[in-house]
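Below: the structure, in structure tokens.
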Amino acid sequence: MVGKPKKSSYNSTKGGNKGDEEDGSTAHNSSASSNRENKQVLPSTIKNKDKRSAVHAKLKQQKKLDKRKKAKAREASEKRALELGEELPPKKIPRTIENTRELDETICKPDDDELFANNDADEFSSILTHEHTPKILITTCRFNSTRGPAFISDLLSVIPNAHYYKRGTYDLKKIVEYARKKDFTSIIVVHTNRREPDALLLIGLPDGPTAHFKLSKLVLRKDIKNHGNPTNHKPELVLNNFTTRLGHRIGRMIQSLFPQDPNFRGRRVVTFHNQRDFIFFRHHRYIFESKENKEGDLKGKKVKDTKAEKSSKEKVVARLQECGPRFTLKLTSVQHGTFDTKGGEYEWVHKPEMDTSRRRFFL
């Protein structure tokens with residue numbers, strides 16, 4: 001009688017341990033399966049092409065659904081805040097390469113007195129203060145191409161008071177001396193390689209500086225669909241994102257190519273937009289149109305002519321028409337004085353070892 005309870009207690013403990021083991025194994029299996037579900041399979045680790053593309057499409061669709069769900073939740077919270085009269089939740093600013101750029105000590109500030117003092121004494125102050133009128137000489141390298149003259153004709157229509165001279169066999173230093181005697185304020189040299197314009201050399205006169213740009217992604221006016229034909233009016237000039245000391249200097253150099261008294265009646269706009277040290281050039285004409293918005297309003301249940309009374313409201317709409325050309329510039333060097341390959345002193349030269357980060361910009 002005394003041994004039976006011991007046996008039963010032993011059996012019960014043994015059975016209990018076995019049950020605990022079974023519960024632990026099931027819990028372990030469930031946790032392992034949940035971990036496998038939570039762990040995403042990267043498409044790059046799948047060798048089968050069809051399965052890899054299917055997994056990638058599934059992940060992309062899931063990401064799209066999550067994004068849409070977050071947008072709906074954000075719209076609902078904004079609507080709730082408007083109904084309750086509360087402040088709207090702050091909008092999130094997306095992280096881009098531009099707003100996360102590396103800190104640069106040369107970024108211009110509005111209260112920089114030294115910068116404004118230098119503006120009054122630099123090489124472009126006489127043109128930008130209307131003391132001299134810009135006069136541009138445009139020429140080519142010694143070996144010209146087929147697209148070079150077409151690009152130069154487009155430049156002549158963009159830049160007022162610009163004149164084209166054939167290069168011939170003349171040395172560039174002799175051309176600089178000739179242009180200085182003829183009171184030209186700048187020289188633009190279009191360099192070509194393999195029948196394609198690939199560089200621009202911009203020389204300020206009479207004392208420089210000289211800037212060398214790499215030219216890419218050139219689209220001539222004739223190749224732009226539905227392009228407009230520019231008029232002879234002086235264009236408006238727009239310079240964007242030239243924020244550093246070097247960018248400010250390049251911006252003033254570009255500004256010295258154009259007259260400082262634009263004719264707004266011509267509705268021409270020339271834009272130099274700097275983004276990640278690439279200068280994008282665009283040439284547009286704008287126009288304001290007044291359109292009528294017709295709305296039908298039924299007044300009364302019975303109308304004799306079964307026509308609605310139409311109330312018209314005028315709406316002013318602005319349209320842009322690209323005139324061309326279209327190209328992109330990349331600054332490679334800035335040299336003191338006029339063009340001199342042997343004894344010239346460089347202010348700034350781009351080198352490959354300077355590109356240490358995608359978020360490091362110089363203009």
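When reading the values below, keep in mind they use all heavy atoms of this one structure, side chains included, and skip hydrogens, waters and symmetry mates.
In this structure, CG on Leu246 lies 10.0 Å from OG1 on Thr243, to the nearest 0.5 angstrom. To the nearest 0.5 angstrom, Lys182 atom NZ is 14.5 Å from Leu205 atom CG. In this structure, the separation between CD1 on Ile138 and CD1 on Ile152 is 7.0 Å, given to the nearest 0.5 Å. Atoms CZ and CG, from Arg180 and Leu137 in turn, are 12.5 Å apart once rounded to the nearest 0.5 Å. The CZ atom of Arg360 lies 8.0 Å from the CG atom of Asp104; values are rounded to the nearest 0.5 Å. If you take CG on Leu257 and CG on Leu202, they are separated by 5.0 Å, rounding to the nearest 0.5 Å.
With hydrogens and angles disregarded, a donor-acceptor distance shorter than 3.5 Å links the side chain of Asn48 to the backbone of Asp50. Between the Arg167 side chain and the Tyr170 main chain, a donor and an acceptor come within less than 3.5 Å of each other. Here the side chain of Asp154 pairs a donor or acceptor atom with the backbone of Arg221 at under 3.5 angstrom. In this structure, the side chain of Asp112 does not engage the main chain of Cys108 through any donor-acceptor pair within 3.5 Å. The backbone N or O of Phe362 lies less than 3.5 Å from a partner atom in the side chain of Thr244, making a donor-acceptor pair. One N or O on the side chain of Thr185 and one on the backbone of Lys135 form a donor-acceptor pair closer than 3.5 Å. The backbone N or O of Gly337 lies less than 3.5 Å from a partner atom in the side chain of Thr210, making a donor-acceptor pair. Counting only distance, with no hydrogens or angles, the side chain of Asn118 and the backbone of Leu115 share no donor-acceptor pair below 3.5 Å. Checking side-chain atoms of Gln260 against main-chain N and O of Phe258 turns up a donor-acceptor pair under 3.5 Å. Checked by atom type and distance alone, the side chain of Asp261 never pairs as donor or acceptor with a backbone atom of His130 at under 3.5 Å.
Residues Phe361 and Met354 are members of separate hydrophobic clusters, defined by side-chain heavy-atom contacts under 4.5 angstrom among Ile, Leu, Val, Met, Phe, Trp and Tyr. Connection of Phe278 to Ile250 is not established within any shared hydrophobic cluster, with ILVMFWY side chains joined at heavy-atom distances below 4.5 Å, either directly or through further cluster members. Under the 4.5 Å side-chain heavy-atom criterion for Ile, Leu, Val, Met, Phe, Trp and Tyr, Tyr178 and Val189 are members of the same hydrophobic cluster. Val270 and Val219 fall into different hydrophobic clusters, where Ile, Leu, Val, Met, Phe, Trp and Tyr residues are linked whenever their side-chain heavy atoms come under 4.5 Å apart, directly or through other members. Follow the hydrophobic side-chain contacts under 4.5 Å out from Ile254 and you reach Leu156 in the same cluster.
When the shell of 6.0 Å around CZ of Arg276 is examined, it contains more than 12 heavy atoms from other residues, nucleotides or ligands. The neighbour count for Lys214 NZ, taken as heavy atoms of other residues, nucleotides or ligands under 6.0 Å away, does not exceed 12. Dense packing is recorded around CG of Leu82, with more than 12 heavy atoms of other residues, nucleotides or ligands lying under 6.0 Å away. Counting heavy-atom neighbours within 6.0 Å of His336 NE2, excluding the residue itself, gives a total above 12. For Ile93, the CD1 atom is loosely surrounded, since the number of other residues' heavy atoms within 6.0 Å does not exceed 12. More than 12 heavy atoms of other residues, nucleotides or ligands sit less than 6.0 Å from atom CD of Glu86. By the neighbour-count criterion of 12 heavy atoms within 6.0 Å, atom NE2 of His132 is sparsely surrounded, having that number or fewer from other residues, nucleotides or ligands. Glu353 CD: more than 12 foreign heavy atoms inside a 6.0 Å radius.
For Thr192 against Pro197, the heavy-atom pair with the smallest separation is CG2-CA, 3.8 Å. Across all non-hydrogen atoms, the minimal contact from Ser256 to Ile127 is O-CG2, 3.8 Å. In plain terms, the two heavy atoms of Pro209 and Val334 that are nearest each other are CB-CG1, 4.5 Å. Pro325 approaches Val158 most closely through the heavy-atom pair CD-CG2, 3.8 Å. Across Lys234 and Pro259, no two heavy atoms sit closer than the pair CD-CB, 3.9 Å. Heavy atoms only, all atoms of each residue included: Arg268 and Tyr286 are closest at N-CE2, 4.3 Å.
Checking Arg359, Arg95, Arg358 one by one against Thr100, the side-chain hydrogen bond (donor to acceptor under 3.5 Å, both in side chains) holds for a single residue, Arg359. Across Lys63, Lys69, Gln62, Lys70, a single residue satisfies side-chain hydrogen bond (donor to acceptor under 3.5 Å, both in side chains) together with Asp66, and that is Gln62. For the side chain to side chain contact (heavy atoms under 4.5 Å, CB included) test with Ile188, the passing option among Thr139, Thr140, Ile159, Leu201 is Ile159; the others fail.
No hydrogens or angles considered: a donor-acceptor pair under 3.5 Å links the side chains of His191 and Asp198. Between Glu98 and Gln275, the side chains place a donor N or O and an acceptor N or O closer than 3.5 Å (distance only, hydrogens not considered). Defined by atom type and a distance below 3.5 Å, a donor-acceptor pair is present between the side-chain atoms of Asp355 and His350. Checked by atom type, the side-chain pair Arg282/Thr271 shows no donor-acceptor distance below 3.5 Å.
Close placement of the Phe151 and Phe327 rings is indicated, their centers lying within 6.0 Å of each other.
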Ser125 and Asp120: CA distance, side-chain angles, deciding distance, side chain to side chain contact (heavy atoms under 4.5 Å, CB included) verdict: CA-CA 6 Å; Ser125 59; Asp120 298 334; 5.7 Å; no
Chi angles and distances behind the side chain to side chain contact (heavy atoms under 4.5 Å, CB included) call for Lys315, Ser290: CA-CA 5 Å; Lys315 182 180 179 182; Ser290 57; over 6 Å; no
Verdict with supporting geometry, His212 and Thr332, side-chain hydrogen bond (donor to acceptor under 3.5 Å, both in side chains): CA-CA 6 Å; His212 190 268; Thr332 56; 2.9 Å; yes
Stepwise side chain to side chain contact (heavy atoms under 4.5 Å, CB included) test for Val176 and Ile203: CA-CA 9 Å; Val176 170; Ile203 305 173; 4.2 Å; yes
Working for salt bridge (Lys or Arg N to Asp or Glu O under 4.0 Å), residues Arg326 and Glu322: CA-CA 9 Å; Arg326 181 194 307 167; Glu322 189 171 0; 2.9 Å; yes
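In this structure, Ile279 and Phe242 have side chains that are in contact, with non-hydrogen atoms separated by less than 4.5 Å.
A salt bridge does not link Arg249 with Asp122: every distance from a Lys NZ or Arg NE/NH1/NH2 to an Asp or Glu carboxylate oxygen is 4.0 Å or more.
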